[in-house]
Trainee: 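My questions all concern the structure below.
Note that the coordinates shown come from a computational prediction; the quantities given were computed from them, not determined experimentally.
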Amino acid sequence: MAVLTSAPRGTQDLLPDISGKWRFAEEKLLETAALYGFREIRTPVFEHTELFQRGVGDTTDVVQKEMYTFQDKGGRSVTLRPEGTAGVVRAALQHGLLGGALPLRCCYLIPCFRYEKPQAGRLREFHQFGAEVFGPSSPDADAELIAFCAALFERLGITGLSLHINSIGCPACRRRYHEALRAFLAERADRLCGTCRERMEKNPMRVLDCKSPVCQEAVTGAPVMLDYLCEECAGHFSGLRERLDMLGIAYTVDPKIVRGLDYYTKTVFEFVSGAIGAQGTVLGGGRYDGLVEELGGSPTPALGFAMGIERLVMQMESSGCAFPEDRLYDIYLAGMGGAGRREALRLCGDLRQEGVRAGCDCMDRSVKAQMKYADKTGALYAAVLGESELEAGECTLKSLRGGEARTVRLEGLADTVRTLLDENKN
RNA sequence: GUGGGUAUGGCGCAGUUGGUUAGCGCGCCAGGUUGUGGCCCUGGAGGCCGUGGGUUCGAGUCCCACUAUCCACCCCA
């Protein structure tokens with residue numbers, strides 16, 4: 001393998017031609033977040049390994065086999081963050097944020113790292129937009145958070161996602177449910193596939209969405225988590241549904257949603273796409289009322305979500321979103337001869353100062369080649385600066401979209417172009 | 001970690017039952033207009049045919065291994 005000329009497995013370069021799409025999405029996300037009261041928080045890319053072991057959960061796949069963990073030169077074990085929530089909670093505790101005005105709402109746009117086998121929509125370095133809310137225990141907060149997610153998609157012009165919700169209860173009702181489910185499965189163990197027989201003990205809920213038709217068959221009529229919720233959890237869940245109905249947010253209750261991170265309690269939800277491959281979960285989140293305490297804070301209810309930016313952009317492409325044009329130049333100045341070239345360079349500075357994207361040749365190319373280049377880059381206008389024009393203090397301004405040309409004074413060129421661009425916008 | 005597909009210039013592909021200098025489209029560069037884009041024409045640069053073995057007089061073409069990549073399981077965003 002060409003080590004020097006190929007990126008590490010599971011990583012991706014964001015080339016200039018598409019970085020604009022990402023920036024468009026990111027700006028839209030942050031802007032919408034502000035509307036909902038979220039401000040950005042930035043935490044380190046790596047944290048103490050223990051944070052994730054405690055926060056995400058020692059028994060999860062993420063912690064057990066997917067973390068980028070290494071010793072730094074001081075002998076500390078640090079880990080590239082595999083998700084965003086743990087670091088945010090840590091920062092909130094470290095700086096006493098939870099002692100301030102609650103609810104505390106913050107969001108983030110970050111790279112995350114998981115050592116997985118790459119696949120469509122799944123990379124080893126991937127990017128998340130996430131948001132967390134600390135303080136409220138009421139389902140009002142759950143509904144508002146989900147409404148926020150829906151607004152993000154709507155404002156990005158994304159269609160084709162469906163919302164699935166579920167409640168996995170609190171630790172107490174989950175324990176009761178697991179017992180009942182294990183008992184049910186034990187009676188049918190002989191009809192389950194090998195992996196499911198193993199899963200029965202460790203994580204019986206996973207058996208429920210085994211893809212094997214045999215297991216599906218054997219599992220029909222299995223107890224449902226929702227029937228085992230304690231009074232409080234059940235009330236919370238029906239409260240959430242009422243509010244979603246009230247807000248006009250469509251959803252389906254999907255008892256199969258089981259988050260693979262230990263910290264989730266009560267509400268869990270996903271926005272799922274059918275159009276971007278097997279890794280169709282664009283956004284996933286839920287409540288994690290026990291996490292703050294688990295990490296050493298005083299008990300604080302909390303909830304949040306994260307979405308995968310790679311998957312988000314895939315979905316935007318598949319739903320035909322209108323990305324803004326990311327053009328290199330508004331105007332390209334083609335200079336001829338020494339004087340013309342120098343004048344082009346000087347004028348570019350003026351134009352840029354006026355906020356006009358301007359460019360000129362620095363490759364000693366012929367006027368023809370300069371024009372070709374201008375056209376290829378998608379410039380709106382080209383101006384030719386030749387001897388005769390310069391003598392007259394003018395240049396030829398040509399539209400590269402229509403083709404019409406006119407003669408324009410060099411003096412005040414920036415204003416002229418600015419005006420043309422503004423007219424063009426409308 | 002487990003399966004399956006694929007690996008030929010920057011990108012997308014052809015390469016017939018293994019046989020002389022590996023092609024095509026797009027892109028790139030230059031020219032066709034002593035000073036001008038998009039169409040067209042001409043020319044040019046660019047590939048040890050993923051890597052390493054093997055079979056053979058001879059391999060891009062057959063066999064094996066490795067690596068990468070894609071898709072799926074698993075898991076998650």
Trainee: Got a minute to check which stems RNA chain B is part of, using Watson-Crick or G-U wobble pairs under 3.5 Å, three or more consecutive?
Mentor: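 Counting only runs of 3 or more consecutive pairs, the stems involving RNA chain B are B:1-7 with B:67-73, B:10-13 with B:23-26, B:28-32 with B:40-44, B:50-54 with B:62-66.
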Trainee: If you take the centroid of each ring, where Trp contributes its six-membered ring, are Phe153(A) and Phe271(A) closer together than 6.0 Å?
Mentor: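 When the ring centroids of Phe271(A) and Phe153(A) are compared, they turn out to be within the sub-6.0 Å range.
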Trainee: Using a 4.0 Å heavy-atom cut-off across all strands, classify Gly121(A) as base, sugar-phosphate, or nothing.
Mentor: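 Since a base atom lies under 4.0 Å of Gly121(A), the category is base.
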Trainee: With a 4.5 Å limit on heavy-atom distance, are the side chains of Arg357(A) and Leu328(A) in contact?
Mentor: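 In short, these two side chains do not touch, never coming nearer than 4.5 Å.
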Trainee: Taking the same atom, P, in C63(B) and in G5(B), what whole-Å distance lies between them?
Mentor: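 Per the computed distance, 13 Å lies between those P atoms.
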Trainee: Measure CG/Asp13(A) against P/G10(B) and give the value in whole Å, please.
Mentor: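 For the pair Asp13(A) CG and G10(B) P, the rounded distance is 15 Å.
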Trainee: Of the nucleotides C71(B), A77(B), C74(B), which one has an atom closest to the side chain of Ala120(A)?
Mentor: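 Selected nucleotide (nearest to the side chain): C71(B).
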Trainee: Could you check whether atom OH of Tyr115(A) has more than 12 heavy atoms from other residues, nucleotides or ligands sitting under 6.0 Å from it?
Mentor: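 No, because the 6.0 Å sphere around OH of Tyr115(A) holds 12 heavy atoms or fewer from other groups.
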Trainee: I want to check one thing: is the phosphate of C71(B), taken as OP1 and OP2, less than 4.0 Å away from some side-chain N or O of Gln119(A)?
Mentor: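 No, no such contact exists.
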Trainee: Tell me if the side-chain of Arg122(A) makes a donor-acceptor pair with the base of C74(B), cut-off 3.5 Å, by modelled atom types.
Mentor: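 For Arg122(A), whose side chain was compared with the base of C74(B), there is a donor-acceptor pair (under 3.5 Å).
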Trainee: Base, backbone or nothing for each nucleotide of nucleotides 32-37 of chain B, written B, S, -, heavy atoms under 4.0 angstrom, 5' to 3'?
Mentor: B--BBB
Trainee: Look at all strands and tell whether Ala334(A) reaches a base, only sugar-phosphate, or nothing, counting heavy atoms closer than 4.0 Å.
Mentor: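 Since no nucleic acid heavy atom lies under 4.0 Å of Ala334(A), the category is nothing.
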Trainee: Sticking with atom P, work out how far C70(B) lies from G25(B), rounded to a whole angstrom.
Mentor: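 These two P atoms come out 29 Å apart once rounded.
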Trainee: Between U6(B) and C64(B), how many Å separate the two P atoms, rounded to a whole number?
Mentor: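 Here U6(B) and C64(B) have their P atoms 13 Å from each other.
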Trainee: Mind checking Ala278(A) for me? I need base, sugar-phosphate or nothing, with any heavy atom below 4.0 Å counting as a touch.
Mentor: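 Ala278(A): backbone/sugar contact only, no base atoms under 4.0 Å.
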Trainee: Met307(A) has an atom CE; how far is it from atom P of A77(B), in whole Å?
Mentor: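 Between P of A77(B) and CE of Met307(A): 13 Å.
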Trainee: On a whole-Å scale, what distance lies between the P atoms belonging to G9(B) and G3(B)?
Mentor: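 Rounded to whole Å, the distance is 29 Å.
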Trainee: Can you figure out which of A77(B), A68(B), C73(B) approaches the side chain of Tyr264(A) most closely?
Mentor: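 Within the option list, the nearest is A77(B).
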Trainee: How about Phe305(A) and Phe148(A): are their ring centroids closer than 6.0 Å?
Mentor: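 Under 6.0 Å, so yes.
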Trainee: Assert yes or no for the condition that the ring centre distance of Tyr332(A) to Tyr373(A) is strictly below 6.0 Å.
Mentor: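 Close enough - the centres of the two rings lie under 6.0 Å apart.
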Trainee: Could you tell me how far G54(B) sits from G18(B) if I compare only their C1' atoms? Round to whole Å.
Mentor: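 It comes out at 15 Å once rounded to the nearest Å.
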Trainee: Between P on A68(B) and NZ on Lys117(A), what's the gap in Å once rounded to a whole number?
Mentor: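 Rounded to the whole Å, the gap is 10 Å.
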Trainee: State, with a plain yes or no, whether a side-chain heavy atom of Ile331(A) is found less than 4.5 Å away from one of Leu380(A).
Mentor: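 The answer is no; the side chains never approach within 4.5 Å.
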Trainee: Here's one to test your reading of the geometry: is the NZ or CZ of Arg105(A) within 45 degrees of the ring axis of Tyr36(A) and under 6.0 Å from its centre?
Mentor: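 No, cation not above the ring by the 6.0 Å, 45° rule.
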Trainee: Would Arg188(A) and Phe184(A) count as a cation-pi pair here, with the cationic atom under 6.0 angstrom from the ring centre and within 45° of the axis?
Mentor: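 So Arg188(A) does make the cation-pi contact.
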Trainee: Give the nucleotide from the list G31(B), C73(B), U2(B) with an atom nearest to the side chain of Ser366(A).
Mentor: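 From the listed options, G31(B) comes nearest.
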Trainee: Rounded to the Å, how far apart are His164(A) NE2 and A77(B) P?
Mentor: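 In whole Å, A77(B) P and His164(A) NE2 are 15 Å from each other.
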Trainee: Write down the distance between NZ (Lys65(A)) and C1' (C73(B)), rounded to a whole number of angstrom.
Mentor: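 Result: 11 Å.
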Trainee: Could you give the distance separating C73(B) and C66(B) at their C1' atoms, to the nearest angstrom?
Mentor: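 After rounding to an integer number of Å, I get 24 Å for this pair.
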Trainee: Can a salt bridge be assigned to the pair Glu40(A) and Arg42(A) using a cut-off of 4.0 Å between side-chain N and carboxylate O?
Mentor: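 Between Arg42(A) and Glu40(A) there is a salt bridge, with a charged N closer than 4.0 Å to a carboxylate O.
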Trainee: Considering only the P atoms, how many Å lie between C49(B) and G53(B), rounded to the nearest integer?
Mentor: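 Nearest-Å result for C49(B) against G53(B) at atom P: 13 Å.
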Trainee: Figure out the CD/P separation between Glu270(A) and C75(B), and round it to whole Å.
Mentor: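 In whole Å, C75(B) P lies 12 Å from Glu270(A) CD.
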Trainee: Quick one: CZ on Phe52(A) to OG1 on Thr85(A), what's the gap to the nearest 0.5 Å?
Mentor: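 Going from CZ on Phe52(A) over to OG1 on Thr85(A), the span is 10.0 Å.
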Trainee: Between Gln279(A) and Leu283(A), who's closer to the 5' end of RNA chain B by nearest nucleotide?
Mentor: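 Upstream on the strand: Gln279(A).
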Trainee: Quickly work out the Phe129(A) CZ to A77(B) P distance and round it to whole Å.
Mentor: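 To the nearest whole Å, that distance equals 15 Å.
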Trainee: Touch check for Glu83(A), heavy atoms < 4.0 angstrom, all strands: base, sugar-phosphate only, or nothing?
Mentor: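 Glu83(A): no heavy atom of the nucleic acid under 4.0 Å.
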Trainee: Tyr115(A) or Pro118(A): which one's nearest nucleotide on RNA chain B is closer to the 5' end?
Mentor: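 Its nucleotide being nearer the 5' end, the pick is Tyr115(A).
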Trainee: So, Lys398(A) and Glu404(A), do they make that salt bridge, N to O below 4.0 Å?
Mentor: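 Glu404(A) and Lys398(A): not salt-bridged.
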Trainee: Taking atom P in both U42(B) and U33(B), compute the distance separating them and give it to the nearest angstrom.
Mentor: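 After rounding to an integer number of Å, I get 15 Å for this pair.
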Trainee: Can you check the Phe126(A) CZ to C75(B) P distance for me, whole Å?
Mentor: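 Answer to the nearest Å: 16 Å.
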